[in-house]
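To keep things clear, I will list the structure first and then write my remarks on it.
Just the heavy atoms: all of them, side chains too, but no hydrogens, waters or symmetry mates, feed the values below. Protein chains get the first letters and strands the later ones, always in sequence-line order, with residue 1 at the start of each.
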There are 4 protein chains.
Amino acid sequence: MAGKNQPKRRADGELSRTRILDAATEIAAERGYEGTSIALVSAKCGLPASSIYWHFKNKDDLIAAVIERSFADWRRAWQLPADGAAQERLQGLAMQIAKALLDSPDFIRLGLMLALERRPVEARARAMFIQVRTQTYVELTSTLAELAAGLTEAQIHQLVTYSMAGADGLFIAKEIGGDAVDLIELFELHARVLYDTAMRMLDEQAE
Amino acid sequence: MAGKNQPKRRADGELSRTRILDAATEIAAERGYEGTSIALVSAKCGLPASSIYWHFKNKDDLIAAVIERSFADWRRAWQLPADGAAQERLQGLAMQIAKALLDSPDFIRLGLMLALERRPVEARARAMFIQVRTQTYVELTSTLAELAAGLTEAQIHQLVTYSMAGADGLFIAKEIGGDAVDLIELFELHARVLYDTAMRMLDEQAE
Amino acid sequence: MAGKNQPKRRADGELSRTRILDAATEIAAERGYEGTSIALVSAKCGLPASSIYWHFKNKDDLIAAVIERSFADWRRAWQLPADGAAQERLQGLAMQIAKALLDSPDFIRLGLMLALERRPVEARARAMFIQVRTQTYVELTSTLAELAAGLTEAQIHQLVTYSMAGADGLFIAKEIGGDAVDLIELFELHARVLYDTAMRMLDEQAE
Amino acid sequence: MAGKNQPKRRADGELSRTRILDAATEIAAERGYEGTSIALVSAKCGLPASSIYWHFKNKDDLIAAVIERSFADWRRAWQLPADGAAQERLQGLAMQIAKALLDSPDFIRLGLMLALERRPVEARARAMFIQVRTQTYVELTSTLAELAAGLTEAQIHQLVTYSMAGADGLFIAKEIGGDAVDLIELFELHARVLYDTAMRMLDEQAE
DNA sequence: TATGAATGAGACTTCATTCAT
DNA sequence: AATGAATGAAGTCTCATTCAT
């Protein structure tokens, strides 16, 4: 940052890129990969289609960039709990994630759509989602290892998988159910379930 | 076979319809709504594109029919537990559903893709998914009301929502994780979690 | 007529034919030759497309039949004046034709559309219009020859052509102008103009 | 040629647009709205169909542009009479219009076809014709008001409507009758009729 | 006297992408 | 750092017509 003394062109370039990404994010989160046409993005951001190709190699590259940026936004919206009792830390984390899903649902909605597709070839966009999702998996794994010291690796894998699956499923439930679904309350339940399960696993191990 | 008591069998429209639905189901489950082109379906079922339009009003109508039929297939693959101890019945149900998801994943994969999309207009296919899903919700609600008599309506709503969300999420986890995810084991965990939660709710209520 | 003792099938056949013609007339008068699709006619009359082909060889044949029947209807709505003073007879004829155009505009609207088209090949329908129109030309020619005895053939040809052109043009003016155009009044003017012109021609000839 | 003061000439979009319009005009004047397929236009102008959509939003937009341009051409072919005796001015105008119709019949032929159609929705092309036609109506109205000062507004409206109807009708008569119809002679008659009628109206008013 | 089913051709339109400027 | 123009492929859907029953 700082020192922006280039002839302003650079600044405009950055701005255009951002406008394209904004438009593409909005559309892709609504209509998925195939439903996001370059013409639609062009119309929404006001730049001609050929300009989009100046900033991004192709459509796949564009959607991958969308995933990358919206993951970063989403990831910034919550942080791993630093200290406190295990149960409270878990509850706090769940609340943060629930709120992040409510506030910026683009990342998950688009990501899940990509994850569900099984297109023969296709490529970067889906891979990008899998990659950043793995990053979350790793973070949660180390957090859990700390919160519930003593669990086996297999148990941790199971718990983290179950916790992420629950988050995905609850997000979808909210998408489908709308106001009939209280996401916060359900994430609270989810956190409690995870805590209880972890404790039970430790107990059973102790015997 | 045999014993068909239809007039004569007449040009076998029913058969063609089935062939089209088979092809469309396979493709739609892999590529979603937008990714399912009529040309692709035509190529896979061997009938020309124009014949598809004899059997279905348009693409939306076709995909809605796919959802309808594959839900019926999927629903036929499991049945609500008739009797036995509550915990066993829940475990049994969870196992059946897990297997149904593994055996005929078309319904859920396509349905979830549709559920995630937020296309401005278009509708029938998505509406059909929401509708049959609601049917499942209702069935599970009455099952749970019986299994855990004493729960409030709100609690049952929460539990059923959570159970369906878990199923969706676990399905996705399996899609993404492949062999690294043991769906059966996770569904067992899910059933146990649901049982424990229901019991806890009843306990807390008793106090 | 009478004596309809055939097994009713025949009657149904006639009825179907009529229903098809009714539907086709309505559509063709609105949308012209190309705009009249067999599917549209089928939807409007309730019979399947293949039934239309049982009654008519092809689309061209159908439209030709439409022209033929609607010309007959239209022609039946007015009659050549039998006697009276020339001016009154002309006025009366003009009024009848004006009313016939207002009451059953299908024939003229469709006919003019066909007349204006210059499709390379195409065929029967347009030819049918030209044919029935010629019939009207002949009738008007002999009427005028009687009303204004003494005119040369060339003059009669000119007058009849001008009178039919006026009728066509006024019909179009009404189509475009709607309520701003008083068709009756304009036909009255047209009749007067024709009468005056015929008289003038006779005068000039007399000199 | 030469003297083009546009920046550089850049890929010659203007030329392509013109080529497309030329082709579309020719075809639409022969076959009407529905008969003008994009493929036909593409074949005639040498540009691929998709390029047509770069220059025009859709088919309706293209046909509307055809109407607009061919009206302008047609309108340029005649001018309102500046001075001289009323009768001569009217005759002169009629001759000009007759020749304009013979020389560039595209505008009227296509326009009349559109005017006769009563398609449920769609519109722009037809609306454009109605609009430019109204422009002519206004011009003729003020010319007539000047040529035959003293006529009431209603009379002028009637005369202008009748004069335009006559022109339309005579054009059609020429289309149908071909060489059997002497358009020039008929327009002369038409001019005379209009003059006589205007004079008669003034006379009757004077009484 | 019909009609369900099918079909190849072609309708309009959008697609992702390229390239000269 | 862009963009006007173009393009071949592919999109959904309708067309007129046929044919076995």
Side-chain angles (χ1 to χ4, degrees), chain A residues 6-17 34 36-42 47-60 62, chain B residues 7-17 34-42 47-60 62, chain C residues 6-17 34 36-42 47-60 62, chain D residues 7-17 34-42 47-60 62:
Chain A
Q6 272 118 333
K8 179 192 302 195
R9 303 270 175 70
R10 182 85 100 224
D12 287 2
E14 214 47 52
L15 179 75
S16 293
R17 205 188 126 94
E34 305 249 16
T36 301
S37 79
I38 299 294
L40 225 42
V41 175
S42 159
L47 295 168
S50 47
S51 293
I52 295 176
Y53 280 86
W54 195 88
H55 289 280
F56 302 92
K57 187 156 64 70
N58 54 29
K59 178 174 157 175
D60 198 30
L62 169 62
Chain B
K8 266 314 173 27
R9 169 157 9 144
R10 279 289 283 275
D12 36 8
E14 210 51 47
L15 179 81
S16 294
R17 205 187 125 97
E34 306 251 15
T36 303
S37 81
I38 299 295
L40 229 38
V41 175
S42 161
L47 292 167
S50 51
S51 293
I52 296 176
Y53 282 89
W54 168 260
H55 292 278
F56 301 92
K57 188 155 63 66
N58 52 32
K59 179 174 158 176
D60 196 31
L62 169 61
Chain C
Q6 272 119 335
K8 180 191 302 194
R9 305 271 176 68
R10 183 87 100 226
D12 286 2
E14 214 45 55
L15 178 75
S16 291
R17 203 189 128 96
E34 304 250 17
T36 302
S37 78
I38 299 295
L40 226 41
V41 174
S42 159
L47 295 168
S50 47
S51 294
I52 296 176
Y53 280 87
W54 195 88
H55 289 279
F56 301 92
K57 186 155 64 69
N58 54 30
K59 177 174 159 175
D60 198 30
L62 169 62
Chain D
K8 268 311 172 33
R9 169 152 15 141
R10 278 291 283 273
D12 36 8
E14 209 52 47
L15 179 82
S16 294
R17 204 188 127 97
E34 305 250 16
T36 303
S37 81
I38 299 295
L40 229 38
V41 175
S42 160
L47 291 167
S50 50
S51 293
I52 296 177
Y53 283 88
W54 168 259
H55 292 278
F56 302 92
K57 188 155 63 67
N58 52 30
K59 179 173 158 176
D60 196 30
L62 169 62

Give [X] one of three labels, base, sugar-phosphate or nothing, depending on what nucleic acid heavy atoms sit under 4.0 Å from its own.
X       : value
A:Ser51 : base
A:Ser42 : nothing
B:Ser50 : base

Quiz item: If you take all heavy atoms of A:Lys59 and A:Glu34, which pair is closest and at what distance?
Solution: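 Closest pair (atom of A:Lys59, atom of A:Glu34, distance): NZ-O, 3.7 Å.
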What integer distance in Å separates [X]:[atom1] from [N]:[atom2]?
X       : N      : atom1 : atom2 : result
C:His55 : F:dT17 : NE2   : P     : 17 Å
B:Ile38 : F:dA9  : CD1   : P     : 21 Å
A:Ile52 : E:dC19 : CD1   : P     : 18 Å
D:Asp60 : E:dT13 : CG    : C1'   : 14 Å
D:Lys59 : F:dC13 : NZ    : P     : 19 Å
A:Tyr53 : F:dA6  : OH    : C1'   : 14 Å
B:Asp12 : E:dA6  : CG    : C1'   : 11 Å
D:Leu47 : E:dT13 : CG    : P     : 17 Å

Quiz prompt | Any D:Ser37 side-chain N or O less than 4.0 Å from OP1/OP2 of E:dA11 | solution =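 Looking at the OP1 and OP2 atoms of E:dA11, one of them is under 4.0 Å from a side-chain N or O of D:Ser37.
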Quiz item: Is there a donor and acceptor pair closer than 3.5 Å between the side chain of C:Trp54 and the base of E:dA2?
Solution: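 Side chain to base: pair present.
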Quiz item: Roughly how far, to the nearest 0.5 Å, is the CG atom of B:Leu62 from the CD1 atom of B:Ile38?
Solution: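 If I round to the nearest 0.5 Å, the distance is 5.5 Å.
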Quiz item: At what distance, to the nearest 0.5 angstrom, does OG of C:Ser16 lie from CH2 of C:Trp54?
Solution: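 Between C:Ser16 OG and C:Trp54 CH2, I get 9.0 Å after rounding to 0.5 Å.
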Self-check item: Any-strand Watson-Crick or G-U partner of F:dT21, both distances under 3.5 Å
Solution: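 Partner of F:dT21: E:dA2.
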Quiz item: Which residue, A:Arg17 or C:Glu34, contacts DNA chain F at a nucleotide closer to its 5' end, judged by nearest heavy atom?
Solution: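 It is A:Arg17 whose nearest nucleotide is closer to the 5' end.
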